[in-house]
Amino acid sequence: MNFLRWFTSKQLMAPAGAYSDAGAGDEEIPDHELIKSCQGGDTRAFETLVTRHRGKVYAMVQNMIKNEADSWDLSQEVFLKVWKALPKFEARAKFSTWLYRITHNVVYDWLRKRKIDSAGELDDGILNEADIAAGSRTSPAMTARPDQALVNSELGQRINAALATLNAEHRETILLREVQGFDYKEIAKVMDCSLGTVMSRLYYARKKLQALLGDEKGKN
Amino acid sequence: MPEKNSKHYSVMKKEKTEELFVKWIDGQLSRDEEAQLSDLLNDDPDLEGELGELKALRQSVKAEIPASVEPPYGDFFNSQLMRKVDLQIESQRPVKKAERWWQSFRWAWAPVGALALVLSFFAGHRIARPETPMVAETKINQPEQSALTTVYFTGEALDAEVISDSEGDVSVIVVTGLSAIRDDIDFATVTTRIELPKSFSSSEARRFQ
């Protein structure tokens with residue numbers, strides 16, 4: 001570890017037992033305290049924050065772009081932007097909303113760039129998982145975890161396929177509401193839109209999902 | 001009675017109705033809103049069934065799509081990220097201005113330097129050349145690349161040294177601690193494969209573009 005980082009870390013300066021290694025016993029330290037430390041330049045506190053929130057960010061990015069390799073890069077980009085923007089973060093704001101706002105911006109920048117690079121051939125509303133070669137891997141091979149086993153259930157696969165056909169705004173609204181449990185105001189902040197727009201998107205996204213899954217049921 | 005054929009009124013009514021449906025599915029209706037929805041349900045008996053299906057769908061999505069998925073090799077994710085953070089901190093560090101106190105001694109540099117040369121010549125001091133390495137010269141010209149050149153192993157006590165030759169555009173990774181490969185091994189029957197994360201390879205490739 002960088003000597004300067006170690007020397008200036010709170011672990012050294014704080015009373016014994018106040019801090020531990022990143023990821024071990026850090027649940028007691030609330031986010032706002034970690035953020036305060038990060039704003040003072042404490043990178044160990046930032047690493048603890050990353051460990052705590054990386055799962056949610058990675059899940060959100062992966063569900064939005066359906067690409068494991070880029071999900072890794074984009075998730076790192078999110079946290080790098082968080083680090084750069086932390087000096088401007090106001091402690092009274094909710095960290096998770098702010099974090100997801102940054103995630104939203106990173107994902108949409110990626111979608112826009114992909115659209116430009118593909119010269120409009122790819123509709124970002126259609127990320128057809130069936131087009132991805134079966135068995136192809138874009139991330140390190142791992143044995144299935146319990147949460148992965150859940151995702152891989154038949155209904156989960158159908159829901160994922162249906163979500164992939166929604167446009168980015170509808171998909172994101174559903175993920176923020178149903179999966180991440182955000183309320184309407186928080187969704188409006190993350191997506192930078194009005195409450196009415198959130199309601200409308202939620203309504204139409206749910207209707208469309210129901211129609212897609214209902215169609216599949218009919219075929220089966 | 002308001003003009004029901006007014007376009008603005010229809011849009012507002014439609015938005016309000018959608019809001020009621022969404023809130024009913026989410027269990028967020030106020031008492032007044034419950035009463036409004038009740039009127040709508042009385043007008044359309046099929047509506048309650050449709051909304052019920054949407055409610056069930058919501059539960060399915062919540063159950064089937066995980067809110068949190070750890071990225072593969074979380075410790076590597078963190079270490080790679082923190083290296084980028086360190087580079088970011090380095091790039092933000094302001095260039096240290098020259099202290100004024102030594103500027104007044106600049107006049108002495110040239111004569112001191114010349115004196116040192118003369119002394120070295122007369123002393124006949126010879127600096128022994130270090131033993132040249134048996135491998136390509138290690139000379140990393142781009143510190144930002146060397147800071148991000150890492151070798152990551154899972155679960156094994158191995159050591160690695162990365163030797164880069166920027167002129168030849170060659171990098172050699174010397175790994176020590178690996179088990180010896182038997183002479184009689186049949187590679188056709190070996191099934192264990194170890195792959196570097198493709199995300200790491202693509203990330204590295206992008207950096208060198």
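Note on naming: letters A, B, ... go to the chains in the order of the sequence lines (proteins, then strands), and numbering restarts at 1 for each one. In this text the structure is predicted, and so the values were computed from the model without any measurement.
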Original post:
Which atoms of A/N63 come close to chain B, meaning under 4.5 Å heavy atom to heavy atom: side chain ones, backbone ones, both, or neither?
Top reply: side chain

Subject >> A/L195 versus chain B, the contacting section by heavy-atom distance below 4.5 Å >> reply: neither

Heavy atoms only: give me the nearest [X]-[Y] pair and the separation to one decimal.
{"X": "A/Q210", "Y": "B/L57", "value": "N-CD2, 3.6 Å"}
{"X": "B/A67", "Y": "A/A59", "value": "O-CB, 3.4 Å"}
{"X": "B/N78", "Y": "A/R54", "value": "OD1-NH1, 2.9 Å"}
{"X": "B/Y73", "Y": "A/W72", "value": "O-CH2, 3.9 Å"}
{"X": "A/W83", "Y": "B/I89", "value": "CZ2-CD1, 3.7 Å"}

Hey, could you give me the [atom1]/[atom2] distance between [X] and [Y], rounded to the nearest 0.5 Å?
{"X": "A/L163", "Y": "B/I65", "atom1": "CG", "atom2": "CD1", "value": "5.5 Å"}
{"X": "A/M60", "Y": "B/S68", "atom1": "CE", "atom2": "OG", "value": "13.0 Å"}
{"X": "B/E18", "Y": "A/K207", "atom1": "CD", "atom2": "NZ", "value": "9.5 Å"}
{"X": "A/L202", "Y": "B/D26", "atom1": "CG", "atom2": "CG", "value": "6.5 Å"}
{"X": "A/L155", "Y": "B/E64", "atom1": "CG", "atom2": "CD", "value": "4.5 Å"}

Under 4.5 Å heavy-atom distance to chain A, tell me which part of [X] shows up: side chain, backbone, both or neither.
{"X": "B/K23", "result": "both"}
{"X": "B/F77", "result": "both"}
{"X": "B/Q88", "result": "side chain"}
{"X": "B/Q92", "result": "neither"}
{"X": "B/L81", "result": "both"}

Subject >> Side-chain heavy-atom pair A/F79, B/K84 within 4.5 angstrom cut-off >> reply: no

Subject >> Test item: B/F21 and A/R206 side chains (from C-beta on) under 4.5 Å apart, heavy atoms >> reply: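 B/F21 vs A/R206: side chains apart.
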
Original post:
With B/V61, which of A/N160, A/L175, A/V179 fulfils side-chain contact (heavy atoms from CB on, under 4.5 Å)?
Top reply: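 It is A/V179, the one option of A/N160, A/L175, A/V179 that forms the side-chain contact (heavy atoms from CB on, under 4.5 Å) with B/V61.
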
Subject >> Audit row: B/K62, A/E178, salt bridge (charged side-chain N to carboxylate O under 4.0 Å, His left out) steps and yes/no >> reply: CA-CA 5 Å; B/K62 205 173 172 180; A/E178 323 293 29; over 6 Å; no

Original post:
Above 12 or not: heavy atoms from other molecules or residues under 6.0 Å from NZ of B/K16?
Top reply: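 Count over threshold, so yes.
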
**OP:** Might you confirm whether atom CD of B/Q59 has over 12 heavy atoms from other residues, nucleotides or ligands at distances under 6.0 Å?
**Re:**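 Yes, because the 6.0 Å sphere around CD of B/Q59 holds more than 12 heavy atoms from other groups.
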
**OP:** Could you give me the CA-CA distance, side-chain angles and deciding distance for B/M82 and A/F46, then say whether side-chain contact (heavy atoms from CB on, under 4.5 Å) is met?
**Re:** CA-CA 9 Å; B/M82 295 315 294; A/F46 181 67; 3.9 Å; yes

Original post:
Who among A/K84, A/H53, A/R177 has the most heavy-atom pairs with chain B under 4.5 Å?
Top reply: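 Of the options given, most contacts go to A/R177.
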
